[in-house]
Protein chains: 2
Amino acid sequence: MDNMLVSVETVAERAGVSVSTVSRALRSVPGVSAATRKRVQDAADALGYSASPAASRLATGKTMTVGIVVPVLAKWFFGKVIGEATQTLRQAGFDVLLYELATAEQRQRFFGTVHLHGRTDGVIIMALQPSREELESLASQGQRVALLGAESAGVGSVNVDNRGAGRAAVRHLLNLGHQRVAFIGIRDEDGSNLGGVPPLQRLLGYRDALGEAGLAGGDVLEELDENSVAGGAAAMSRLLVAEHAPTAAFVASDEMAFGVLKVLRQAGLDVPRDFSVLGFDNHELCDVVGLTTMDHAVAEQGRDVAGILLDALAGLDALDGSVPRTLSRTARLVIRESTAPPRALRSTPAGSDSPDSAGHSAHL
Amino acid sequence: MDNMLVSVETVAERAGVSVSTVSRALRSVPGVSAATRKRVQDAADALGYSASPAASRLATGKTMTVGIVVPVLAKWFFGKVIGEATQTLRQAGFDVLLYELATAEQRQRFFGTVHLHGRTDGVIIMALQPSREELESLASQGQRVALLGAESAGVGSVNVDNRGAGRAAVRHLLNLGHQRVAFIGIRDEDGSNLGGVPPLQRLLGYRDALGEAGLAGGDVLEELDENSVAGGAAAMSRLLVAEHAPTAAFVASDEMAFGVLKVLRQAGLDVPRDFSVLGFDNHELCDVVGLTTMDHAVAEQGRDVAGILLDALAGLDALDGSVPRTLSRTARLVIRESTAPPRALRSTPAGSDSPDSAGHSAHL
DNA sequence: CATCGCCTTGCAAGCGCTTGCGACACGAGC
DNA sequence: GCTCGTGTCGCAAGCGCTTGCAAGGCGATG
């Protein structure tokens, strides 16, 4: 209830002990009898005391804060994963400092200067592949690091098997009978590698599947664009004018897939009758539009990466040079209404299935 | 380049001055000649020096950090608005600490204890209506406050005219000829008032419009549920079994509207031929599904609320007791393909318009 | 009964920065 | 030539907490 005027001293006086005892008692440091500890605790409660973080940070060197770095906040994936991570971190008593590195210039500035030192004990870097020097810079600032959607030797990370997932996704399309399957992927914005590694892995998985099916020889049906509805739409538009247009597409993100669905609709093509679309993320709106996609347990990833950083932070004290944990999960196919066999393969002649066979077509 | 070992002293030695001069020079405090200032600056740069935030916080009492409090992160609206706000804050040299208050219990704990004191200089509270005591608690912790989606005397805030917007939305439906317009709103989760004031205002606007049109007498067509796709779907399902089902609905959030569209589709009803839907937010996916909605410039709101807090923080020094700024913006209708005159009013007999008149129907 | 060791507690020295105040040098004004 | 003001700078006292170390009290031990 009281305000900023209460300091250790006030508590010490009220409890009739020294400040050092107060400090020890409140932090459960051994060396204080249960009786005094309780007395101190009561006094602190009564006064509404809360230790000044600045002072204890200065004295201990620990900030009990971790940073989370993301390329962009206003995307479902990041909101979700940050939300989960912060809950986990908060439970462990950590505050979280947020850094959005939207442009290459911001990224440059962030890694180029000593900013984190004394602000955070560790940092979670999401969907950004830090270079060796960048990691070293962080280490020299005393930061523990955990990566999500990236990997680096000696650094804890959580990943999904994007290549395997890409392959599985395309296999599904192939198994349905599609011969011409396109890939719509994420292009790095402004030249830098903001796109990250996962998108590339998905592309490789796509090629894997095509190669295994003996379909690698044909003309390439790979289109990259920015990771957004508009980007997906633009990419699909380009595909529509290809010499031999595809009958299905594996899209590297659900948001882009939404754009793809939009363009297909505008083109008068029915999904999945005329064209199949398979996304990636299992975005919360997939269910609404009936998009088949690859789910990679986004919430769990957030929890995992937070846990890994917490481990690394704990390992600071336990001086066993334990290697940081690295997790990899495999994505799973979620079938909805945007994928089906290609038209040519239907048992009934084209057009015989009613245009509005409700419940069997995607809804965009 | 160097690490944590550089402190003011190192810089002072290298520049051949005292630590106090270094401190003043680096912070552009008057009382240092241009020559020495440059010398100090060079020395600091050469050493890669960066002042320990903990130490300067302890000494000055200012943290150069602001907190952002949101009820949930994984929603498009919050991601967007936080993103914009953090950019603005960072430009002003502030770090941002993130607090997600997902449950009533977390909210209780957050406001019930002195947590912010010494951690942040101010806090932006989003979509949460803080009580008088809660605000006083924050003030006693030395926090400046700015609100988004809430109002309180003496506190800066940004708001949209939700009531006017609700009224405008319903007017649009009424003008199209709808007689039975439903309202689907946001219900507070777990009993607390997490729903906030804006949803209530939208409901009042709905009633305003109905009243003005002389339609207030009929049976109530108001359904509340949680702010999510599922919630919207559930609410719409309930409306479908009403004695006299509505022909249009104004939905208090786009996400809920998506759920509404989903249920309508499942029920075999065409939007907008059989039913009109009007949402709220102008969610980035509205364009994809063709949802008519009320736009309230989300990004601008983020920038505005950050600016207001920044002003309040600056006003700390300038001791004119200037009243905090309060902004209110009006939403605007964005027409897409989910609204149209009710079936009964069509110029052509029912059914004569082809079922797949592309470009004129919503796509869910 | 004296001694030793352990458990509690307090003292005081920092942690790295900021800032009021005094010291000093210099040019101006009488 | 002396005083005074202005502009630069350094000294040292904190800011509020943590922690190594020493002091004191106690029961256990020989």
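Every chain is numbered from 1, with letters handed out A, B, ... down the list of sequences. The analysis underlying the following values was restricted to heavy atoms, covering all of them including side chains, and did not include hydrogens, waters or symmetry mates.
A salt bridge links Asp304(A) with Arg329(A): the distance from a Lys NZ or Arg NE/NH1/NH2 to an Asp or Glu carboxylate oxygen falls below 4.0 Å. Salt bridge Arg144(B)/Asp121(B): absent, no basic N to carboxylate O contact under 4.0 Å. The residues Arg109(A) and Glu105(A) are annotated as salt-bridged, a charged nitrogen and a carboxylate oxygen being separated by less than 4.0 angstrom.
Overall bending of the helix from dC1(C)-dG30(D) to dC30(C)-dG1(D), expressed as the angle between end axes built from five pairs apiece, is 60° (10° steps).
Between the side chain of Asn159(B) and the backbone N or O of Ala150(B), at least one donor-acceptor pair lies under 3.5 Å.
In this structure, Glu9(A) places its CD atom 12 Å from P of dC11(C), rounding to the nearest Å. We find that CG of Leu26(B) is positioned 13 Å from C1' of dG16(C), with the value rounded to whole Å. When the P atom of dC17(D) is taken as reference, atom CZ of Arg57(A) falls 13 Å away, rounded to whole Å. In this structure, Arg27(B) places its CZ atom 17 Å from P of dG16(C), rounding to the nearest Å. Rounded to whole Å, the distance from CG on Leu47(B) to P on dG16(C) is 15 Å.
Sequence neighbours left out, the pairs with a member in residues 48-60 of chain A that pass side-chain hydrogen bond (donor to acceptor under 3.5 Å, both in side chains) are Arg57(A)-Thr65(A).
Annotation: side-chain contact (heavy atoms from CB on, under 4.5 Å) contacts of Arg90(B) (sequence neighbours excluded): Tyr99(A), His115(A), Asp95(B), Val96(B). The side-chain hydrogen bond (donor to acceptor under 3.5 Å, both in side chains) test applied to Gln87(B) returns Glu100(A), Gln106(A), not counting sequence neighbours. Annotation: side-chain contact (heavy atoms from CB on, under 4.5 Å) contacts of Glu134(B) (sequence neighbours excluded): Arg107(B), Phe111(B), Pro130(B), Ser131(B).
At the phosphate of dG16(C), neither OP1 nor OP2 sits under 4.0 Å from any side-chain N or O atom of Tyr49(B).
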Inset, instruction - Let me have a per-nucleotide readout for nucleotides 8-15 of chain D, 5' to 3', with B, S or -, counting only protein heavy atoms under 4.0 Å. - result: SBBB--BB
